[in-house]
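This structure is a prediction, so every number in the text was calculated from the model and none was measured. Proteins get letters first, then strands, A, B, ... in listed order; numbering begins at 1 in each. Below, each value reflects all heavy atoms present in this structure, side chains not excepted, and no hydrogens, waters or symmetry copies.
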Amino acid sequence: MQFIKYILLISLFAVFFSCKKEHEETIESPAILKNGMLVLNEGLFQLNNASLTWVDFGSGTTNDQFFTQKAGRLLGDTGNEMLRYGNKIYIVVNVSSTIEVLDAITGNSIKQISMQANGNAKQPRSIRFFGSKAFISCFDGFVDVMDTSTFQVESRIPVGLNPDQMTISGQYLFVSNSGGLNAPVMDSTISVIDLIAKSELTKIVVGKNPGSIVTDYEGDVYVVTRGNYSTIPSRLNKIDQDEFIVLESYNFDASKITLMNNRLLILNNNKVMLFNTDTDQLLDDNFINNPTITTLSNIYFRSSSQQIYLFDSKGYTNTGNILKYNVNGDFLSQYHVGLNPNSILIYD
Amino acid sequence: MRKLFIFICLVFISLDSFSQRLDHQLDTIEVIDLRIEIDNSQVQKLNKAQITALQPEDVGQLLQRFVGVSLKSYGGLGGMKTISVRGINGNQTGIVVDGFSIQNTQTGQLDLSNIQTESIEKMTLSIGGTQGVLNPISALIGGSCLSIETFESNFGMPAYQVRTAVKVGSFGQTDSYLALKVNKNRSFFSLMGKYREAAGKYDFEIENGNQLYQGKRLNNDFKEGFGGFSAGFRVGKSVLRLNDQFNQSDKGLPGAVILYNTISNQRLKNITNQFNADFTRFDQIFPFRIYASIRNEQLTYIDSTYLNTAGFLDNRYYNTHLINGFSFRKLPMKRRDLDSIFEIIEITSTNKSKLIYFGGIEQSYSLLNSNLPAILAPKRYQLKAVLGTEKNWNRSNLVLQVGEHYFSDRQSISGNNVERFVFTPFASFQTEKWKSFVGGLNFWAKRSFRIPTFNELYYNALGNLSLKPEIANQFNIGNFHTFYIHRNQLKFRLDAYFNFVENKIVAIPTKNLFVWSIQNVGKAQVFGVDFQFNHSRNFSKLKLETNVNYSFQKVEDLSDKNSPTYKHQLPYLPQHTVNADFSVVYKSKSGITISGLATSSRYALNENIDANKINGFYVFDASIYHTFSLPNAQSLRLSLNVKNLLNQSYSFVRYYVMPGTNFLISLNYAIH
């Protein structure tokens, strides 16, 4: 009797919480990509959670399963960059050490290229195109030249330490050699590659830890040197396209840059600054400053629609947002996407 | 230095005044062994027989059998293992081996895969602190305490004792262990050695979208050696023990399974030595203990294909830790240890109304050096003290305790000093039987904390010199009952608890993904239920035993109301965990044990979304053994263990995939 009483007491005392099954609903990916936005979410190191989000502008829905639905498998670990070239989309997956090639019309997977050399991962970081060739910066100190029809790596151009971002000006490819893995002694050079000879022409010494790099419409190159994140500050530098020398280093912090007509949009401490590339003057150090943005991690300008896209990475550990603005810096709309968004492709 | 001097003076002054009284004591309490006495709060135990039946790889694997414990295992087979008890950071769990605490000031948390299980006679986990004269002061003020007693460090009965084991298993596992102990009337000497290795290559299969990703776990080998020496001397009611433990290992670090890239070239090498000494006086008026330890740890992390200028990484860390302490327990009554997870205090003395006093003081120095310019050789001095009282009535017991923890750091290069002080109260009330059908009840409340580690305070750009200790406030209500129905013994224990964690130390990114900062911004609230059930039945030749543990933990992130993760379950803490085992023992010689572990889904990151979800799993192990009796008190035992019986693909940590079905054959020989 005592035993039964005790069991009753225990049953009363024990409050069990039902586990809530809150499965997110599955949305199907469109067969043909239009009126929407494809977003590459970088994910986080060692979690194999790089992903593609399809944002449908018509229905307003977002689908984080785009790549998995199209390819039947996961994208991999740390998706660093996504670019469209012709009718193909190229995705650089750094830790998985692959380049994923998709059909730009349907989003279907065309090819997965494994980027390994001598039993080691090359760790590709970014990609640029010239003629029929893709140039891929690899963290192991090379820029790989890959044919865009055969997907074969034809040669490896040795550059500096841990090459990162790249930009093309005329027949030259400018490569930021970050040396990020050699901290605290980082690299501080830009490799200039002749795209026709496919070899390094020279190295330009800039500040410590060069990263984000763009070419303005006159062909001059701007590069952000990120410093050592403590005693050496980050800086914006201008490089002469012909002389391959640093023309000027501007006295303000910058983390990332992108070109907007004859302006540079500069990320600095969670806000966007505006810089005139004709006069080389800082026009507005508070061009966009949205307090709802937690971690402003990247910026993109779409010239055909004259719209600015800001990437909010929400502390890098929570799923992010993409915010759309017009050229005057007026807020237009916002989309909730995946973990660490870093590249987008817009479809009309 | 001045503090050390004052401390030594204090110890000697107190010894002197008490020794006069000790001389006049004529009581005769037999000191039979040095078992750590544990009472109060919630205590869970595993004894030698249970451990042998489970054939665990390491202490980490054993801990998953305890209720309230969430294990993080980075892939089994030599892989790192850490725990969290009741949703609270594992740094708040003290680890004590034979009465000596093991501490690490660099990361704060010990890798439980480095503690071998072959020598263990008994392992207990007490939540809400622990007591007993043999426990160091640091164990008394921790949020919970894992205590291990080994064969080698305790007095034994026969003149000569030998323990030896040889094992072979899947994935190239071999393991050999030998321990010798000589017991004399007033002393013992023991020696121990153990070596194990594994190739560690195992096949795995994980979900990859709609496909299966198959691979082989590479760079997962390890070699590990242990050595130890112990001696104990007894004169009257005094015991002196000396002990040295050595461990050297070289392990491949396979890392997470990275899709499409199987290359892995990291290794971790470890050399650790800890020397311990203690002097204990068992006495009815004023039992006390003086203890000291010195621990040296050398950790080497190697990445042979790192993409820096040198082309490799070779990071070395040297951590030295010195501890000395004094504890006492004015104990007017004897207690009996019932050796069960449902600890009940038995009061045998007639002198029930008398108060017990206990307490002590412990200080430690630690120093971290490395070959990295970013580590600025921090040094730490810590002073911990406890004072408590215990009152016993016929069927109930009350404990009140206050503790303090002070630390002061110095960095040789920057000259930055960090000083902190924390105060920790503890109160517990326990009744043996309240109403006949309700059984025993206990209530306890404790404030515990973890101090910031060297890494959190000083590491490179990450470190934050203004960090405060992370505080955990724990409240517990427990109920336990034992029934006898015919020949069945049924034991129940149910605990409900509420914990509130303040100043939670979390890493948050600042300017960019490369620069993170460690800050006290976290708050968490834990509501949980622990349930334990044990059934045993004895037949003339057979003994059946069943254990079921269930743990519910709702661990909510309350750090920031505006964050998308507000009120989400913290990463890697499952809401539901069940473990169960069933064993049949025939004539105390042969047996079969089947054990299972099931855990609900967890999240890899703070945000509770499908993309971060790690599926729940269940896994079963089985073992069968037979003991051959040999003449002259010798025994030989043969056992076969099958782990992951159903060949489940599972992981504790996302993409750290655990091995499939694997086997282990063990042969144990002993002279008792």
Side-chain angles (χ1 to χ4, degrees), chain A residues 1-3 5-6 9-10 13-17 19 23-24 44 46-49 51 64 67-68 71-74 76-77 93 95-98 112 114 116 119-121 123 139-141 161-162 179-182 184-185 226 229-230 255 269 295 297 313-319 338-340, chain B residues 207-211 213 255-261 263 265 305-310 373-374 436-439 460-461 477 479 481 483 485 490 492 494 496 508-516 527 529 531 552 554 563-565 575-576 600-601 604-612 654-655:
Chain A
M1 196 55 207
Q2 259 190 38
F3 177 67
K5 275 188 191 166
Y6 183 77
L9 189 84
I10 286 227
F13 190 66
V15 185
F16 295 101
F17 290 78
C19 39
H23 277 293
E24 291 142 40
L44 272 175
Q46 293 220 328
L47 288 173
N48 294 307
N49 58 354
S51 64
D64 291 335
F67 186 87
T68 315
R73 58 183 171 82
L74 298 174
D77 200 298
V93 191
V95 179
S96 284
S97 212
T98 57
Q112 183 190 50
S114 178
Q116 297 189 357
N120 285 322
Q123 296 188 28
F139 245 37
D140 65 344
L161 199 62
N162 312 134
L181 296 184
N182 201 45
V185 187
R226 292 167 290 190
Y229 308 116
S230 61
S255 59
N269 279 334
T295 316
S297 58
S313 286
K314 297 278 177 205
Y316 300 105
T317 54
N318 296 329
T319 47
L339 192 64
N340 287 325
Chain B
E207 268 180 40
N208 177 19
N210 318 324
Q211 304 173 2
Y213 185 83
V257 170
I258 301 292
L259 290 173
Y260 321 122
N261 178 4
I263 297 157
N265 294 302
T305 51
Y306 196 69
L307 299 175
N308 57 357
T309 318
S436 59
F437 69 94
V438 174
N460 222 359
I477 304 178
N479 167 275
H481 213 320
F483 295 96
I485 300 176
L490 296 150
F492 296 87
L494 181 70
I508 53 167
T510 51
K511 287 178 196 150
N512 56 53
L513 200 44
F514 305 103
V515 184
W516 291 62
F527 173 72
V529 174
F531 174 70
F552 171 82
K554 198 173 169 69
S563 160
T565 64
Q575 281 205 347
H576 309 272
S600 64
S601 60
L605 294 168
N606 283 2
E607 213 174 354
N608 291 182
I609 53 172
D610 276 358
N612 292 335
R654 198 175 195 183
Y655 292 110

Check: Thr309(B)/Asn182(A) side-chain N/O donor and acceptor closer than 3.5 Å: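 Side chains of Thr309(B) and Asn182(A): pair found under 3.5 Å.
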
Per-residue contact mode, Ser297(A) against chain B (heavy atom under 4.5 angstrom):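 Neither part, no heavy atoms under 4.5 Å.
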
Heavy-atom proximity to chain B below 4.5 Å, by part of Asn318(A):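 Both parts, heavy atoms under 4.5 Å.
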
When only pairs under 4.5 Å are counted, which of [options] shares the most heavy-atom pairs with chain B?
options                                    : value
Asn120(A), Asp140(A), Leu339(A)            : Asn120(A)
Gly180(A), Gly119(A), Gly179(A), Pro184(A) : Gly119(A)
Leu161(A), Val185(A), Val93(A), Asn162(A)  : Leu161(A)

Backbone N/O of Asn612(B) and side chain of Asn49(A): donor-acceptor pair under 3.5 Å: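 No.
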
If you look at every heavy atom in [X] and [Y], which pair is closest and at what distance?
X         : Y         : value
Leu47(A)  : Ala604(B) : CD2-CB, 4.2 Å
Leu259(B) : Leu74(A)  : CD1-CB, 3.7 Å
Gly209(B) : Thr68(A)  : CA-CG2, 3.5 Å
Gln116(A) : Tyr260(B) : NE2-O, 3.7 Å
Ala71(A)  : Gln211(B) : O-NE2, 3.8 Å
Thr319(A) : Ile609(B) : CG2-CD1, 3.4 Å

Tell me, side chain or backbone of [X] under 4.5 Å from chain A's heavy atoms, or both, or neither?
X         : value
Tyr213(B) : neither
Ser601(B) : neither
Leu605(B) : side chain

Between CD1 on residue Ile263(B) and CD on residue Gln123(A), distance to nearest 0.5 Å: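 Reported to 0.5 Å precision, the distance equals 9.5 Å.
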
